[in-house]
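What you see is a predicted model; the values in this text were computed from it and never measured.
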Amino acid sequence: MWCDNLTTAWLDEDLSGQDEEAYYVAQSIECQWDLHWYEFYSHEQLMKMDLSKLELPSDWFKRWAAELAEK
């Protein structure tokens, strides 16, 4: 949810450097969240689930953190 909030807040901002990279990483996390779960569950199943119990693979977050650290 924080990724969606960040990308929405920064959508029309003129970003540069670390902020711009953080925006793209947050956007990637937001997209991967949706794509990942729709591979395993139907839309109807997801609507009934407690989404706070779902977690993306931790190695994905390590990769995203590394992308931010590189900039």
Side-chain angles (χ1 to χ4, degrees):
M1 187 63 162
W2 68 266
C3 292
D4 181 55
N5 292 340
L6 180 73
T7 57
T8 300
W10 285 3
L11 184 62
D12 294 324
E13 297 293 321
D14 185 24
L15 304 174
S16 63
Q18 188 80 16
D19 289 342
E20 184 176 30
E21 187 63 28
Y23 175 83
Y24 289 120
V25 168
Q27 192 176 44
S28 179
I29 292 169
E30 181 184 359
C31 292
Q32 289 304 317
W33 175 265
D34 294 335
L35 294 173
H36 182 71
W37 297 117
Y38 277 106
E39 287 183 35
F40 300 103
Y41 303 105
S42 70
H43 179 74
E44 292 78 21
Q45 289 173 309
L46 286 169
M47 296 305 292
K48 294 176 185 175
M49 294 175 73
D50 179 1
L51 299 180
S52 69
K53 304 282 189 227
L54 300 177
E55 295 180 7
L56 289 174
S58 61
D59 60 319
W60 291 11
F61 288 97
K62 291 175 187 171
R63 185 184 75 232
W64 286 315
E67 286 179 31
L68 287 174
E70 289 174 2
K71 302 296 175 184

Does L51 belong to the same Ile/Leu/Val/Met/Phe/Trp/Tyr cluster as L35, with side-chain heavy atoms less than 4.5 Å apart forming each link?
no

What about M47 and Y41, same hydrophobic cluster or not, with Ile/Leu/Val/Met/Phe/Trp/Tyr joined at side-chain heavy-atom distances under 4.5 Å?
no

Start with the C-alpha gap between F61 and I29, add the side-chain angles, then the distance that decides, and say whether side-chain contact (heavy atoms from CB on, under 4.5 Å) holds.
CA-CA 8 Å; F61 288 97; I29 292 169; 4.3 Å; yes

Return the minimal non-hydrogen interatomic distance between C3 and E30, and the atom names on each side.
O-OE1, 4.1 Å

So, for V25 and E67, which heavy atoms are closest and what is the spacing to 0.1 Å?
CG2-OE1, 3.7 Å

Give the ring-plane orientation class for H43 versus Y38, where under 30° counts as parallel, over 60° as perpendicular and anything between as tilted.
parallel

For the atom pair [atom1] ([X]) and [atom2] ([Y]), what is the distance rounded to the nearest 0.5 Å?
| X | Y | atom1 | atom2 | value |
| --- | --- | --- | --- | --- |
| L6 | Y23 | CG | OH | 8.5 Å |
| S28 | W64 | OG | CH2 | 5.0 Å |
| D34 | E39 | CG | CD | 11.5 Å |
| S42 | K48 | OG | NZ | 8.0 Å |

Just do the side-chain contact (heavy atoms from CB on, under 4.5 Å) check on R63 and W60 with the steps written out, would you?
CA-CA 5 Å; R63 185 184 75 232; W60 291 11; 4.1 Å; yes

Has Y24 got more than 12 heavy atoms of other residues, nucleotides or ligands less than 6.0 Å from its OH?
no

Look at atom CG of D59 and say whether more than 12 heavy atoms of other residues, nucleotides or ligands are closer to it than 6.0 Å.
yes

Counterpart residues, side chain to side chain contact (heavy atoms under 4.5 Å, CB included), relative to E13 (two or more places apart)
W10, L15

